[in-house]
Amino acid sequence: MATESTLKEGRRAPGSEWLKNHPRWLETAYKFTEKLFLGMYPVLGRVGFFKRLMVPAESLTKGYLFNCQMCGQCVLHSTGMTCPMTCPKNLRNGPCGGVRANGNCEVIPDLPCVWVQAWERSQQMTLYSDEMKIIQPPVNRALHNTSSWVNMAEGVDTVLPVGWQQASGNKEASE
Amino acid sequence: MTDATPMRAGSRLEKVLRSGRFAVTAELNAPDSADPEDVYRNALVLSEVCDGINATDGSGANCHMSSLGCCALLTRAGYDPVLQVACRDRNRIAIQGDLLGAAAMGVKNVMCLTGDDVSNGDQPEAKRVFDFDSVQLLRVARMMRDEGVFLSGRELTTPPKFFLGAASNPFAPPFDWRPLRLAKKIEAGADFIQTQYCFDIPRLQQFMQRVRDLGLHEKVFILVGVGPLRSDKVANFMRTKVPGVWIPDEVVDRLAKTPRKKKKAEGIKICIELIQQIREIPGVHGIHLMAYRQEETVAQIVRESGVLEHRRLDFDEPHTRRAAKHPPAGSSHQDPTAF
């Protein structure tokens with residue numbers, strides 16, 4: 001259908017695919033930036049405009065590289081450096097059953113399935129490869145259009161619904 | 001597997017699976033109608049040959065009677081339906097509410113699905129919801145059952161009892177990831193699995209080999225999806241237009257070579273052959289029949305395939321309306337272990 005190619009999930013900026021196909025660079029860069037950011041945040045966070053500035057900064061850079069949809073709770077390193085929110089179904093726990101035989105998306109026939117790519121890339125990664133197995137909690141839609149770096153530093157993105165926490169808590173206790 | 005885990009909901013499907021018998025489920029095509037008889041007519045044909053009737057939730061993103069509506073009708077008549085819940089159309093508030101409503105109506109089996117995309121259906125202009133994905137939905141359904149709370153942590157006065165199902169498609173890429181995704185679904189709470197249509201036995205065997213290596217077949221009941229193809233035209237339509245359906249060329253060629261009048265019978269024959277091959281694969285616990293508006297054919301296939309053997313086909317809930325018309329003989333069915 002003509003409208004489907006205009007889905008924002010389907011956009012890929014020039015050069016971004018090449019970079020994502022080399023996820024070991026990206027995961028190292030992520031690990032480094034994470035340490036740097038978390039180390040500097042106690043100071044940076046006090047600067048009033050910093051948090052506001054992070055939103056367009058993230059939107060621009062991650063938007064270009066990963067077609068970031070600004071969910072505000074980034075899991076890129078756990079999903080093979082491929083943004084799960086660029087899956088038209090927003091699946092965060094793996095591919096749906098509709099993947100085409102050539103590995104393309106059910107919704108956008110010309111687009112390689114985000115999860116097929118995520119799987120291949122995660123196999124190349126060394127630091128976060130195993131995180132593909134983690135069950136990702138439901139997306140907190142209230143964090144849409146906020147900075148996931150700031151949310152991470154402030155621990156907002158790991159605040160899970162009480163029921164979800166309870167279920168995980170009991171499961172860990174029983175094991 | 002059956003001894004260690006407690007009975008989840010005690011549905012007929014669960015009892016049959018836990019007793020180690022080969023289970024049969026079938027898909028009921030929800031009518032485009034407000035007449036309950038349209039549901040009952042199809043259910044009557046299917047109920048004689050299957051342990052669980054799946055009420056589809058807008059299959060192929062086409063609008064039909066809701067799965068909750070179908071299930072409400074089916075439980076009233078004493079059937080044991082499988083409520084399909086797709087993430088496509090409802091957000092987390094609606095889904096949790098529907099799950100409680102379904103449990104109150106007597107639904108014991110719930111199948112958690114992602115759902116076909118709206119672009120495949122009759123109303124592609126619709127909004128995609130996908131608030132949950134299927135794994136999160138499974139986990140939330142299990143949380144409601146085991147913890148007795150909503151996602152917010154608010155307590156349920158009476159938690160629902162569900163035998164939880166999930167889907168798997170061994171026939172779509174990434175093939176290496178599929179068994180691991182199955183493992184994820186089991187961790188999230190899946191008790192049984194219904195797969196996409198199987199027309200490719202070697203690929204199913206590869207998948208099942210990996211499943212057995214991971215020990216997953218001991219943690220979950222796997223029902224492999226099958227269905228008859230009416231002609232090579234239908235086969236070609238399905239493999240190009242229906243998402244996630246893989247039909248090898250051999251099957252299509254075999255139908256294409258068959259004279260026009262015998263195509264339907266050949267399709268049924270292929271389906272029966274597949275069932276008999278699937279049955280031999282270790283770790284497979286049953287089959288799930290899907291056939292769009294061909295309930296009679298489904299019944300014929302199950303009978304001719306011989307998977308039910310000498311199993312009695314009575315209802316196991318004698319107090320219900322329709323079951324009362326055909327009172328079950330004997331009493332062993334009352335005891336889940338002796339089913």
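These numbers come from a predicted model, not from an experiment. Here is how names work: the chains are called A, B, and so on, in the same order as the sequence lines, proteins then strands, and each is numbered from 1.
- Using a 4.5 Å cut-off between non-hydrogen atoms, the part of residues 74-98 of chain A that approaches chain B consists of A/Pro88, A/Lys89, A/Asn90, A/Leu91, A/Arg92, A/Asn93, A/Gly94, A/Pro95, A/Cys96, A/Gly97, A/Gly98.
- With chain A as partner, the option from B/Arg178, B/Arg239, B/Arg92, B/Arg154 having the largest number of non-hydrogen pairs under 4.5 angstrom is B/Arg178.
- Chain A forms the most heavy-atom pairs under 4.5 Å with one residue out of B/Asp116, B/Val149, B/Asp131, B/Asn169, and that residue is B/Asp131.
- Only the side chain of B/Trp246 has a heavy atom closer than 4.5 Å to any heavy atom of chain A.
- Taking 4.5 Å as the limit, every side-chain heavy atom of A/Trp115 sits out of range of all side-chain heavy atoms of B/Arg181.
- Between A/Val162 and B/Phe150, every side-chain heavy-atom pair lies at or beyond the 4.5 Å cut-off.
- Chain B forms the most heavy-atom pairs under 4.5 Å with one residue out of A/Val99, A/Leu160, A/Asn102, and that residue is A/Val99.
- Annotation for A/Val107 and B/Ser119: closest pair CG1-OG, 4.0 Å, computed over non-hydrogen atoms.
- When the ring pair (Phe, Tyr, Trp, His ring centres under 6.0 Å) test is applied to B/Phe132, no partner is found at least two apart in sequence or on another chain.
- Contacts with chain B were tallied for A/Arg100, A/Glu120, A/Met132; A/Met132 has the most, counting heavy-atom pairs under 4.5 Å.
- Per-residue counts of heavy-atom pairs under 4.5 Å with chain A were compared for B/Leu151, B/Leu137, B/Val245, B/Thr114; the largest is that of B/Leu151.
- With rounding to the nearest 0.5 angstrom, the CD atom of A/Glu106 is 5.0 Å from the CG atom of B/Asn120.
- For a residue to count as touching a neighbouring chain, one of its non-hydrogen atoms must lie under 4.5 Å from one of that chain's; by this rule A/Ile134 touches chain B with the backbone only.
- Per-residue counts of heavy-atom pairs under 4.5 Å with chain A were compared for B/Gly153, B/Ser168, B/Ala188, B/Cys87; the largest is that of B/Gly153.
- For residues 136-148 of chain A, heavy-atom neighbours of chain B at less than 4.5 Å comprise A/Gln136, A/Pro137, A/Pro138, A/Val139, A/Arg141, sorted by residue number.
- If you measure heavy-atom distances from B/Ser152 to chain A, the contacts under 4.5 Å come from the backbone alone.
- Among all heavy-atom pairs drawn from A/Val116 and B/Pro174, the shortest one is CG2-CD, 3.6 Å.
- Heavy-atom pairs under 4.5 Å with chain A peak, among B/Ala167, B/Pro173, B/Ala183, B/Pro243, at B/Pro173.
- With a 4.5 angstrom heavy-atom cutoff, A/Trp119 touches chain B only via side-chain atoms.
- The part of B/Leu180 that comes within reach of chain A is its side chain, from C-beta onward, which places non-hydrogen atoms under 4.5 angstrom from that chain.
- Dense packing is recorded around CD of A/Glu154, with more than 12 heavy atoms of other residues, nucleotides or ligands lying under 6.0 Å away.
- Of the listed residues A/Gly103, A/Cys113, A/Pro161, A/Ser122, the one with more heavy-atom pairs under 4.5 angstrom with chain B than any other is A/Pro161.
- Interface residues of residues 33-52 of chain A toward chain B, defined by a heavy-atom distance below 4.5 Å: none.
- Shortest non-hydrogen contact noted between B/Glu147 and A/Gln166 is OE1-O, 4.2 Å.
- Among all heavy-atom pairs drawn from B/Arg139 and A/Ala167, the shortest one is NH2-C, 4.0 Å.
- B/Asp133 touches chain A through backbone and side chain together, each having a heavy atom under 4.5 Å away.
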